[in-house]
Number of protein chains: 2
Amino acid sequence: MVKYKEKSASETEERILEAAKHEFMRFGIEGTSIQQIADAACINKSLVHYYFRTKEKLFKRIFIEAFSSFISHVEDIINRDISFQKKIEQIIESYIDLLKNNSYLPGFIIHEVNRNPDRLFELIQNANIKPQKIINQISIEIEKGKIRKVDPRHFFINVLALCIFPFIARPLLQRIFFNNNEKNYMKFIDERKKEITEFIIQSIKS
Amino acid sequence: MVKYKEKSASETEERILEAAKHEFMRFGIEGTSIQQIADAACINKSLVHYYFRTKEKLFKRIFIEAFSSFISHVEDIINRDISFQKKIEQIIESYIDLLKNNSYLPGFIIHEVNRNPDRLFELIQNANIKPQKIINQISIEIEKGKIRKVDPRHFFINVLALCIFPFIARPLLQRIFFNNNEKNYMKFIDERKKEITEFIIQSIKS
DNA sequence: AATTAATTTAACCATATGGTCAAAAATACA
DNA sequence: TGTATTTTTGACCATATGGTTAAATTAATT
């Protein structure tokens, strides 16, 4: 008689996942060896194969999770029952918070998507991304005269750009503007929430 | 008697450089093998070593060139003797044009800088980057009351973000918003010049 | 034409990699 | 306690990689 398995992933399994995430995020799939992951997890190399079969499978697991956390956030807020302006504020606030805790997330996704665009194909269908929703909401605000006439797609991309870019370009910006001082850069990022919000609100005043 | 050498790089050498640029940009240094570069250049693998000794040396050459073209552009425009608003317009216009012809440029730099931040150290000194200049110019505009009070650093980063992000995230955006239709995306990017300019000008109206 | 120098090629090397496998160790089960 | 099952380990394999070297080919020089 077989008991209910998988009641919880074994500790080693989770250690591997965490180590893999850490390494993949920084160095990409090509820049990360299984040995490297094993070392980071303080386990034997073969265990990685024991739990995840192949590097590709392990990578996919990490990638899908990362990708989901990257886009589901926005989807979530868009569906909330609050004013348009509040939505903008919350998207900015929560997106920046997410990225503060996952600095490498956007760069990771972008690199891997560039390296192998096919990966997206399957993923986007599963993820069921519907940008139309946010686009429509913006259009409605324009019709109501609440904001000036802007292309909703451009506007949406602008919001994303302003939030995400400082993290993607962090090594550069931190060094150039803050003498590579991490704390100061993070303070700057926090200020940014207010700054971006004002910037955007001002830019769409009708 | 030795003649003046290096009158011009040999054709093979340039073929290698071009192929290396192409491959490195897309797949990074780890994701690109010398064989891959040789194949792309249609030459024997050993020739790569003959002309550039090591992969790292070849990579550095490509990286430095890419990095320079990436930042010198802005520096250049900042020093022109035109109005502040014109500068903004020109930075946007010419930056987007640069990226249109070098789609992979920003992603490439960001990935490699993340993977090996030390690379920046030596480079930034050589490049002699002085962000203070643009920062000062923005401050002056604020003092003159020409634009509203904004943090110059945030403002500068905003301009960069709005220009660069659509290229970094291109595989994603192109797929989600344009059914992966390249032409339509490029049309969109062109529209963007005007769109961003308006967006920014509007956002700093005093 | 003969010689010298530069370019190209193929064979080779050491190493690192992803992955397999069978034995050992630990755990669960009866 | 003894057996079956799961987890861990180390040895091993085929392959790809960056790089070297010496020979072959081509171009330049006299």
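First the proteins, then the strands, lettered A, B, ... as listed; each starts at 1. These numbers come from the heavy atoms of this one structure, side chains and all, not from hydrogens, waters or symmetry mates.
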[X] side-chain proximity, nearest of [options]:
| X | options | value |
| --- | --- | --- |
| A/S46 | D/dT20, C/dG18, C/dC21 | C/dC21 |
| A/Y50 | D/dG10, D/dG19, D/dT6 | D/dT6 |
| A/Y51 | D/dT7, C/dT9, C/dG18 | D/dT7 |

* To do: State yes or no: are the ring centers of B/H22 and B/Y104 separated by less than 6.0 Å?
  =>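 Ring-ring flag for B/H22/B/Y104: false, centres at least 6.0 Å apart.
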[X] [atom1] - [N] [atom2] separation (whole Å):
| X | N | atom1 | atom2 | value |
| --- | --- | --- | --- | --- |
| A/Q36 | C/dG18 | CD | C1' | 14 Å |
| A/N44 | C/dT20 | CG | P | 15 Å |
| A/L47 | C/dG18 | CG | C1' | 15 Å |
| B/K55 | C/dT15 | NZ | P | 18 Å |
| A/E56 | C/dT17 | CD | C1' | 15 Å |
| A/F52 | D/dT7 | CZ | C1' | 14 Å |
| A/H49 | C/dG19 | NE2 | P | 4 Å |
| B/E30 | C/dG18 | CD | C1' | 16 Å |

* Asked: Going through the checks in order, is the salt bridge (charged side-chain N to carboxylate O under 4.0 Å, His left out) test met by A/R119 and A/E56?
  -> CA-CA 11 Å; A/R119 236 189 269 286; A/E56 181 67 25; 2.8 Å; yes
* Answer yes if the side chains of A/T54 and A/H49 hold a donor-acceptor pair under 3.5 Å, and no otherwise. => no
* Asked: Do the charged groups of B/E75 and B/K133 touch, with an N to O distance under 4.0 Å?
  ->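 So B/E75 does not pair with B/K133 through a salt bridge.
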* When only distance counts, do a donor and an acceptor, one from the side chain of A/K45 and one from the base of D/dG10, lie under 3.5 Å apart? ->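 By the distance-only test, no, there is no pair.
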* So, is A/T12 near the phosphate of D/dT8, with a side-chain N or O under 4.0 Å from OP1 or OP2? -> yes
